[in-house]
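Take a look at the structure below.
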Amino acid sequence: MAHSPNGLTVASWNVNSLRLRLPQVGRLVGARSIDVLCVQEIKAAPDKVPLMEMAALGFPHHAVHSMPGYNGVGIFSRLPIEDEEALDWCGKVDCRHVRARVAGIDLHCLYVPAGGDLPDPEENPKFRHKLEFLDALTDWSSRSVDPDIPALLTGDFNVAPLETDVWDHKKMRRIITHTPIEREKLGAFQRSGPWVDAMRRFVPPEEKLFTWWSYRARDWKAANRGRRLDHLWVTPTLAPRLAGMEVFDEARGWELPSDHAPVIVTLSPALAET
DNA sequence: ATGGTTGCACGGCAA
């Protein structure tokens, strides 16, 4: 598939094991023109990340931050990577953030901690870690994001911030991913850029929009008890280039699916300097 | 109210 000649199409997908999901990655890149694919939950030791296979699928360039068993993020690109960096937060090296500069844009691939089940930071260390991770991102973003370099932040943020980002707002208020404190902290993180929510530039906030459907539903499509956990944000200077967005939910219905659907955003070509 | 499914370090844990 030819990619957009001067524009850039970026996709983000929590694949829930990159090795297991390689055939589905192949189907995705066969169906859509993607220049950069950001993946979360690679779930493989660094020497077991399928770099050759990803190169064969059209992504010879990569910036990967991975570990055995859990987590792991990667940026796979058709275009050269000009600079890359692995980032870690909260005193852990847990492979949840990687940055790569492609076509002059700083691309960040993120995997925010899920946070467990009990929405009490005193009783549940995983929820405490999630809240502290969001605080660390907010602090980092307010200190270190260079306004002169266009940036794009994407991945599994594990928070559904709007009422229409969950299938039932009232039922979800005490469920992790949609608790008030998480929604507040994601809001603070977004304002710290400020970051533009690219997906909601295309789908108004009154409309439901989901990227994740649990494996545990009998029929994910019929029940449609989804959540918008995956996001793509851009710096304000990049917002005028937002040209298209798709949640590729067809992939949720494939054989051996991930529980997340890919999010695909297209940027129009940069205007020439005058 | 509970349980439902998936993936990895092969089995308890994380999601």
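Predicted model only: the values in this text are computed from it and were never measured. Residue numbers begin at 1 in each chain, while the letters A, B, ... track the order of the sequences.
- Within a 6.0 Å radius of CZ in A/Arg174, no more than 12 heavy atoms belonging to other residues, nucleotides or ligands are found.
- Remark: A/Arg225 qualifies as a cation-pi partner of A/Trp167 under the 6.0 Å distance and 45° angle criteria applied to the six-membered ring.
- The six-membered or imidazole ring of A/Trp195 lies away from that of A/His231, with a centre-to-centre distance of 6.0 Å or more.
- Here the P atom of nucleotide B/dG7 and the CG atom of A/Leu22 are 13 Å apart, to the nearest Å.
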* Structure fact -> With sugar-phosphate taken as primed atoms, P, OP1 and OP2 and all else as base, the protein-contact string of nucleotides 10-15 of chain B at under 4.0 Å (heavy atoms; B, S, -) is ----SB
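- Following rounding to the nearest Å, A/Met67 (CE) and B/dG7 (P) show an atom-to-atom distance of 19 Å.
- Remark: A/Phe59 engages no residue in a ring-ring contact (aromatic ring centres under 6.0 Å, His included) (not counting sequence neighbours).
- Spacing of P atoms, B/dA1 relative to B/dG12, comes out at 29 Å, to the nearest Å.
- Both A/Lys48 and A/Ala217 lie close to DNA chain B; mapped to their nearest nucleotides by heavy-atom distance, the more 5′-ward contact belongs to A/Ala217.
- A/Lys171 is linked by a side-chain hydrogen bond (donor to acceptor under 3.5 Å, both in side chains) to A/Asp168, counting only residues two or more places apart in sequence or in another chain.
- Comparing the C1' positions of B/dG11 and B/dG7 gives a spacing of 12 Å, expressed to the nearest Å.
- If you measure from atom CG of A/Asn16 to atom C1' of B/dC8, you get 10 Å, rounded to the nearest angstrom.
- Considering only side-chain N and O atoms, A/Arg21 lies under 4.0 angstrom from the phosphate OP1 or OP2 of B/dG7.
- Between the CH2 atom of A/Trp220 and the C1' atom of B/dG4 there is a distance of 18 Å, given to the nearest Å.
- Remark: the separation of the P atoms in B/dT6 and B/dT2 is 23 Å, to the nearest Å.
- In this structure, A/Arg19 reaches the sugar-phosphate backbone alone: every heavy-atom distance under 4.0 Å involves primed, P, OP1 or OP2 atoms, never a base.
- A salt bridge is defined here as a Lys NZ or Arg NE, NH1 or NH2 lying under 4.0 Å from an Asp or Glu carboxylate O, and A/Arg201 with A/Asp197 fails to meet this definition.
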